[in-house]
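Have a look at the structure below before the remarks.
Position 1 is the first residue of the sequence; numbering continues from there.
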Amino acid sequence: MSASVRAAARAMRAVVVREFGGPEVLKVEEVAVPQAEGKQVLIKVSAVGVNPVETYIRSGTHNIKPPLPWTPGCDVAGVVEEVGKEATKFQKGDRVFTRGSVTGAYAEFTVAEEDTTFRLADRLSFQQGAAIGVPYMTAYRALFHRTHGKPGETVLIHGASGGVGLAAVQLAKAHGMVVMGTAGSSEGMELVKKNGAAHVFNHREEGYMDKIMAATAGVGVDLIIEMLANVNLEKDLELLARHGRVGVVGNRGPTQINARAAMTKETSIIGVMLYHMDAKELGETVSALYAGFTQGTLTPVVGREYSLEQAPEAHKDIIETKAMGKVVLTI
């Protein structure tokens, strides 16, 4: 039965989690199509972005534990199917992407608040639209709201071949910064360079930190966007220039640092959390991103694509394999 036929019958396929655990708890079920109420929109989903945080929530190890049953996901791209009675920003047929979902994104239809739903630039595919929400908004917040990156500064993006990393490379390049990136494979390094990095390093190679320092003539970098603080944070403090900043975007465990390294150069470690973005910051971010998408200075990079039934495989791969663009489910 096709998605449109099931929608008419008010039923759809969705990934449903009924217990916290490994990727195998992600099960596709037939459920009712949700309804848009108030200032909400119902979206017929074409693609969904898979984010690492969803694997942590699914496993039950995250501080966020949604009530079960639960459908994961927040980054949707698709077409507006219906709008709530109080919704005014969209109409049926509009191409949109989201940075949040009321009912969960791993599904054929999802309900989102209209304030977290945005028009998708004509030049972008739905798969690219699914790669915008968390990656680009997190990268923008890290670079500009939290660490206050400026044109002419040197920025090192650790884990630059993933969804947030590539977004940060493109944004920093478009903002006039000198961009350096790291990746764990030759393919990842090439992807990072292709997206605008002036220097790319393999963080699995012995001595890569020396190469980074050499590229800055021994001065160090002004800013680091860090995707895996538990592995890299102590090294980051050594790579920073005086008054440099580290924006911590990702972390998967405890870390230990020598605080004197921060004291000596008066550097700062700054936490980054997308969901602390207020309405004013969100408006600024969306305006900047839309300009980049329409002008062509920003182009989301889609990596591996999976079906809804392959959600367990996608969750496994996003944690265990080398990042190469945004992981997406296609519906």
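- With salt bridges taken as basic N to acidic carboxylate O contacts below 4.0 Å, none links Glu82 and Lys92.
- A donor-acceptor distance shorter than 3.5 angstrom exists from the side chain of Asp94 to the backbone of Gln91, with no hydrogens or angles considered.
- The backbone N or O of Ser125 lies less than 3.5 Å from a partner atom in the side chain of Gln128, making a donor-acceptor pair.
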(request) Before giving the answer on side-chain contact (heavy atoms from CB on, under 4.5 Å), spell out for Thr182 and Leu156 the whole-Å C-alpha distance, their side-chain angles and the decisive distance to 0.1 Å. (result) CA-CA 8 Å; Thr182 74; Leu156 172 67; 3.9 Å; yes
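- Taking hydrophobic clusters as Ile, Leu, Val, Met, Phe, Trp and Tyr residues chained together by side-chain heavy-atom distances below 4.5 Å, Val192 shares a cluster with Met189.
- Glu37 pairs by the salt bridge (charged side-chain N to carboxylate O under 4.0 Å, His left out) definition with nothing, not counting sequence neighbours.
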(request) Check step by step if salt bridge (Lys or Arg N to Asp or Glu O under 4.0 Å) holds for Arg304 and Asp317. (result) CA-CA 9 Å; Arg304 293 194 62 180; Asp317 288 350; 3.1 Å; yes
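- Using a distance-only test at 3.5 Å, with no hydrogens or angles considered, no donor-acceptor pair links the side chain of Arg204 to the main chain of Ser185.
- For Phe97 and Phe118, the distance between ring centers is under 6.0 angstrom.
- Inter-residue side-chain proximity for Asn51 and Asp75 is flagged as met; some heavy-atom pair is nearer than 4.5 Å.
- Within a 6.0 Å radius of NZ in Lys194, no more than 12 heavy atoms belonging to other residues, nucleotides or ligands are found.
- Note that CZ of Phe90 and CG of Leu42 are 13.5 Å apart. Values are rounded to the nearest 0.5 Å.
- Taking a cutoff of 4.0 Å between a charged side-chain nitrogen and a carboxylate oxygen, Glu19 and Lys27 do not qualify as a salt bridge.
- Atom OG1 of Thr154 and atom CE of Met180 lie 5.5 Å apart (nearest 0.5 Å).
- Within the 3.5 Å criterion, the main-chain N or O of Met213 finds a donor-acceptor partner in the side chain of Thr216.
- Under a 4.0 Å N-O distance rule, the pair Arg18/Glu24 does not qualify as a salt bridge.
- Side-chain polar atoms of His315 and Thr55 form no donor-acceptor pair below 3.5 angstrom.
- Considering all non-hydrogen atoms of both residues, Ser101 and Gly73 come closest at CB-O, 3.8 Å.
- A donor-acceptor pair shorter than 3.5 Å cannot be found between the side chains of Thr98 and Thr117.
- How far CG of Leu171 is from CE of Met177: 10.5 Å, rounded to the nearest 0.5 Å.
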(message) For Val96 and Leu120: C-alpha separation, side-chain torsions, deciding distance, then whether side-chain contact (heavy atoms from CB on, under 4.5 Å) applies.
(response) CA-CA 5 Å; Val96 296; Leu120 180 61; 5.6 Å; no
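- In this structure, Phe20 and Pro66 have side chains that are in contact, with non-hydrogen atoms separated by less than 4.5 Å.
- Checked by atom type and distance alone, the side chain of Glu114 pairs as donor or acceptor with a backbone atom of Thr88 at under 3.5 Å.
- One hydrophobic cluster, built from ILVMFWY side chains closer than 4.5 Å, cannot hold both Val231 and Leu237; they sit in different ones.
- Side-chain contact, His276 with Glu281: no donor N or O sits under 3.5 Å from an acceptor N or O.
- Between the Thr110 side chain and the Gly104 main chain, a donor and an acceptor come within less than 3.5 Å of each other.
- Put simply, the side chain of Glu234 never gets that close to the backbone of Ile257: no donor and acceptor are under 3.5 Å apart.
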(message) As a quick check of understanding, evaluate side-chain contact (heavy atoms from CB on, under 4.5 Å) for Asp236 and His158, giving each step before the final call.
(response) CA-CA 9 Å; Asp236 291 341; His158 256 315; 3.1 Å; yes
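- Contact check for Val102 versus Glu113: side-chain heavy atoms found under the 4.5 Å cut-off.
- A pairwise comparison of heavy atoms in Pro69 and Val16 identifies CB-CG1, 3.6 Å as the closest pair.
- Residues Met227 and Val164 form a side-chain contact, since some pair of their non-hydrogen atoms from C-beta on lies under 4.5 Å apart.
- When atom types are taken as modelled, the side chain of Thr103 and the backbone of Val111 share a donor-acceptor pair closer than 3.5 angstrom.
- Put simply, CZ on Arg141 and CZ on Arg146 are 6.0 Å apart, with the number rounded to the nearest 0.5 Å.
- Clustering ILVMFWY residues whenever any of their side-chain heavy atoms sit less than 4.5 angstrom apart, transitively, puts Trp70 in the very cluster that holds Leu329.
- Looking at Leu223 and Leu143, their side chains come closer than 4.5 Å, going by heavy atoms from C-beta outward.
- With contacts defined as side-chain heavy-atom distances shorter than 4.5 Å, the pair Tyr56/Ile64 does not qualify.
- Taking CD from Glu238 and CG from Asp210, the interatomic distance works out to 9.5 Å, rounded to the nearest 0.5 Å.
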(request) Could you please spell out the steps behind the side-chain contact (heavy atoms from CB on, under 4.5 Å) verdict for Val246 and Leu233? (result) CA-CA 8 Å; Val246 180; Leu233 188 56; 4.0 Å; yes
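- With hydrogens and angles disregarded, a donor-acceptor distance shorter than 3.5 Å links the side chain of Arg123 to the backbone of Phe293.
- In this structure, Gln295 contributes its side chain and Gly292 its backbone to no donor-acceptor pair below 3.5 Å.
- Residues Lys173 and Gly196 come closest through the heavy atom pair CD-O, 3.5 Å.
- A 6.0 Å sphere centred on NZ of Lys265 holds more than 12 heavy atoms belonging to other residues, nucleotides or ligands.
- A salt bridge is absent between Lys326 and Glu305: the closest approach of a Lys/Arg side-chain nitrogen to an acidic carboxylate oxygen does not fall below 4.0 angstrom.
- Figure legend: Arg95 and Phe126 shown as a cation-pi pair, the cationic atom lying under 6.0 angstrom from the six-membered ring centre and within 45 degrees of its axis.
- The two residues Val45 and Ala105 have their closest heavy-atom pair at CG1-O, 4.4 Å.
- The hydrophobic cluster containing Tyr306 also contains Ile318, counting ILVMFWY residues as joined when their side-chain heavy atoms lie under 4.5 angstrom apart, directly or transitively.
- Counted within 6.0 Å of CD on Glu29, heavy atoms from surrounding residues, nucleotides or ligands total more than 12; the atom is thus considered enclosed.
- Asp115 and Lys89 are joined by a salt bridge, as a carboxylate oxygen and a charged side-chain nitrogen come within less than 4.0 angstrom of each other.
- Cluster membership for Leu239 and Ile269, using ILVMFWY side-chain heavy atoms within less than 4.5 angstrom, is shared.
- One finds no salt bridge joining Glu86 and Lys39 here, because no Lys/Arg side-chain nitrogen approaches an Asp/Glu carboxylate oxygen to under 4.0 Å.
- Here the straight-line distance linking atom CZ of Phe109 with atom CE of Met12 works out to 8.5 Å at 0.5 Å rounding.
- Ring planes of His203 and Tyr208: perpendicular class, angle over 60° (limits at 30 and 60°).
- The minimum heavy-atom distance between Val169 and Ala160, with the atom names listed, is CG2-CB, 4.0 Å.
- Val249 is not listed as a side-chain neighbour of Glu226, based on a closest heavy-atom distance of 4.5 Å or more.
- Contact between Glu153 and His148 at its shortest, heavy atoms only, is OE1-O, 4.0 Å.
- Looking at heavy atoms from C-beta onward, Pro300 lies in side-chain contact with Leu124 at the 4.5 angstrom threshold.
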